[in-house]
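Numbers restart at 1 for each chain; the letters A, B, ... are given by sequence-line order, proteins then strands. No hydrogens, no waters, no symmetry mates; every other heavy atom, side chains included, goes into these values.
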Amino acid sequence: MTKRQKIISVILLALVYAAVFVMEQVIPAQAMLFTVLKKGAIYALVAVSMNLLNGFTGLFSLGQAGFMLIGAYVYGIFTIPTEMRTSVYQYFDGGVIQFTVPVLLAIVLAGVAAAIAAALIGFPALRLKSDYLAIATLGFAEILRAIFQWDKLGPVTNGSNLLRKFPTFNDFNITNADGDVVIYLSTLVPFLIVGVCIFLIVLLINSSYGRVFRAIRDDERAAEAMGVNLFAHKEISFVVSSFFAGIGGALLAMYQMTIQASAFKSAMTYEILLIVVIGGIGSVTGSCIGSFLFIAASEWWLRGLDSGTFLGITAPTIFRSGFRKVVFAVIIMVIVLFYRKGLMGDKEFSVARIAGRFRRLFRRRAPAEKGATK
Amino acid sequence: MQYVPYLLAGISVGGQYALIAIGYTMVYGILRLINFAHGDIFMAAGLMMIYLANPLTLWLAVPLVILFTAVLGFAVERAAYKPLRDAPRMSVMISAIGVSYLVQNVALYVTGGLAKTYPSLPWISDTITILGATTKRVTVITPVLTVVLIVGLVILIKKTKIGMAMRAVSRDFETSRLMGIKINTVISVTFLIGSLLAAVGSLLYFANYTAIVPTSGAMPGLKAFVAAVFGGIGSIPGAVIGAFLIGLSENIIKSGGSSWTTFSDAFTFVLLIIILAVKPTGLFGEKQTDKV
């Protein structure tokens, strides 16, 4: 990347953040747009973390929901205000943990906990090959879900009951003495957190470690023959990916305002995998774009399919509850079957390439005009 | 004798898992694909039974359900896996996950998101008493029927021409193609048999439950897959033994009291991790060497 391209990227990102900030002040907070932006940002982070494994290291792991679960729980457990604990842990005498940590520290802790779990799981799991690894990580995610629902751990995890009343995104808004919101930050702050995390992942991908990851992806045996310690590098990729999945889990908990282990099923991992596929396996920007498109389509644009009227067509017998998801699933199947590279393939979004494409478009036209004048 | 009901349930559930597991193990043996949609096809068979049992008589509904499920499995293979025959294995697996997502969402749409009551099947849902434990007749039928079907399948694979073709394809996909085996026919037959057995498994499995939701197939599907891995993927007797073992152990865990019930599902995966760590090829799996 040249210096000029870097400057353009920074300016573009700054514009995006400025736009988010301005929109949040102007548009009412209940608008569907903010649902899409918040959830899209969270899924973007998790999708990028999954892409680090699947797209850049070639490890087909399906454990993402499990690590998000750990992140969500660690965040919830350490941030529920002490005075609320008796009502949240009503079946477990207020729980055993009677202190809280600051929100940002709790988010980091969420990532660390997921990373530690990943480091332990990695020892047996990462020795397995392709689909066995997929099924083993899926299995670990299910085991984690069972452990968090175990009532013997209730004093810590609240068993199969909800965790709630912890700080959410709305607590980032700045309020005046009367409790009225002066400055809305509930979308900007998650955007900033996600942005920093994805930036760190990009740094890792572009480092010498990233090159080793890609070498493992392209040919494990050749990489090994070149002296790469396969297991150590797979473990690093797995732990880093899970760290950010844990942070994603914490953010998802803040977004949803409640945590329940039963929500973190393998279906969640599948959704994230489909986002990665839509965006392009091996493209960070693809995962981000894919995530916002996925969330916008499933939560917002296709809503009409559920409520009777879509694109001006009214057909309540066909367009009833659930049709949106059918259409959506068909679109995904079309992408999976016919556009296997996804939106971006393994390339990154860059202004230079788009500019180049336009330039080529005009250059192709130019000789034709010349020919006409002759 | 307090364990008798749990053991009976374990054997019964084990037989049902075995019928699903065969679909996984045969498909994996031939295509090297974890057919994530298999559990959802199993669920779809249950839903078909719900919608067909009411207008039709049972003796017409049951064969129709089995037929339609086999056709569904065949159609899924043709639509979603065949176009990706030469694609990387990961793409096919993602396609399988996509099909699973699609089938679940279609089921959600058709049922309107409500849990559908499973019809009570006469005779096989009747209550009987064995060794002092009351249970449904399906508990006894399942293991018998499972064994009969599996013996039939093994005969098919060992004695018939298509069975021989299946064995050849699972041994070496490319070479058998060169030898003139019609690979697509073999794969289609595999999916037909797998889905047919899943439909039978579904009839037996859901007879023990009152209702079906679109995600009902996911967990039994995963467990059956674990059973297939445990027994050594590609091996039919292995899958059956694995399935009975998982069915029994999960019910023994359930007998330990309510605080352990949460682990009855998780234990399956513990078993998976242990077998993968100790003997990755499973009990009866063939050792595979990687070629550079």
task = Not counting sequence neighbours, which residues clear salt bridge (charged side-chain N to carboxylate O under 4.0 Å, His left out) with K223(B)? List them please.
result =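 K223(B) satisfies salt bridge (charged side-chain N to carboxylate O under 4.0 Å, His left out) with E250(B), D265(B) only.
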Can you tell which part of [X] gets under 4.5 Å to a heavy atom of chain B, answering side chain, backbone, both or neither?
X       : answer
F328(A) : side chain
I335(A) : neither
A222(A) : neither
I281(A) : side chain
E220(A) : neither

Between chain A and each of [options], count heavy-atom pairs under 4.5 Å; write down the option with the most.
options                           : answer
L108(B), I34(B), L33(B)           : I34(B)
A87(B), P83(B), A218(B)           : A87(B)
T215(B), V270(B), L102(B), V92(B) : L102(B)

query = Using 30° and 60° as the class limits, which term best fits the ring planes of F294(A) and Y101(B): parallel, tilted or perpendicular?
reply =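 Correct class here is tilted.
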inquiry  = Is the ring pair H233(A)/F213(A) parallel, tilted or perpendicular, if the boundaries are 30 and 60 degrees?
reply    = perpendicular
task = Before accepting this row, confirm whether a basic side-chain N of the pair E235(A)/R127(A) lies closer than 4.0 Å to the acidic partner's carboxylate O.
result =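 So E235(A) does not pair with R127(A) through a salt bridge.
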inquiry  = Out of A136(A), P124(A), A267(A), return the one with the most heavy atom pairs under 4.5 angstrom to chain B.
reply    =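 The candidate making the most pairs under 4.5 Å is A136(A).
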inquiry  = Only pairs of heavy atoms separated by less than 4.5 Å count here; which of I332(A), L128(A), I135(A) has the most with chain B?
reply    = I135(A)
Indicate yes or no for a side-chain donor-acceptor contact from [X] to the backbone of [Y] under 3.5 Å, with no hydrogens or angles considered.
X       : Y       : result
N51(A)  : G282(A) : yes
T157(A) : F148(A) : yes
S216(B) : V213(B) : yes

query = Hey, would you say the F231(A) and F123(A) ring centroids sit under 6.0 Å apart?
reply = yes
ask   = Mind checking whether F42(B) and F206(B) have ring centres under 6.0 Å apart?
value = yes
key: Candidates Y17(B), F36(B), Y24(B) - the one meeting ring pair (Phe, Tyr, Trp, His ring centres under 6.0 Å) with F225(B)   = Y24(B)
note = Checking heavy-atom separations under 4.5 Å from chain B, one finds in residues 52-60 of chain A N54(A), F60(A)
message = Quick check: do V99(B) and D40(B) have side-chain heavy atoms less than 4.5 Å from each other?
response = no
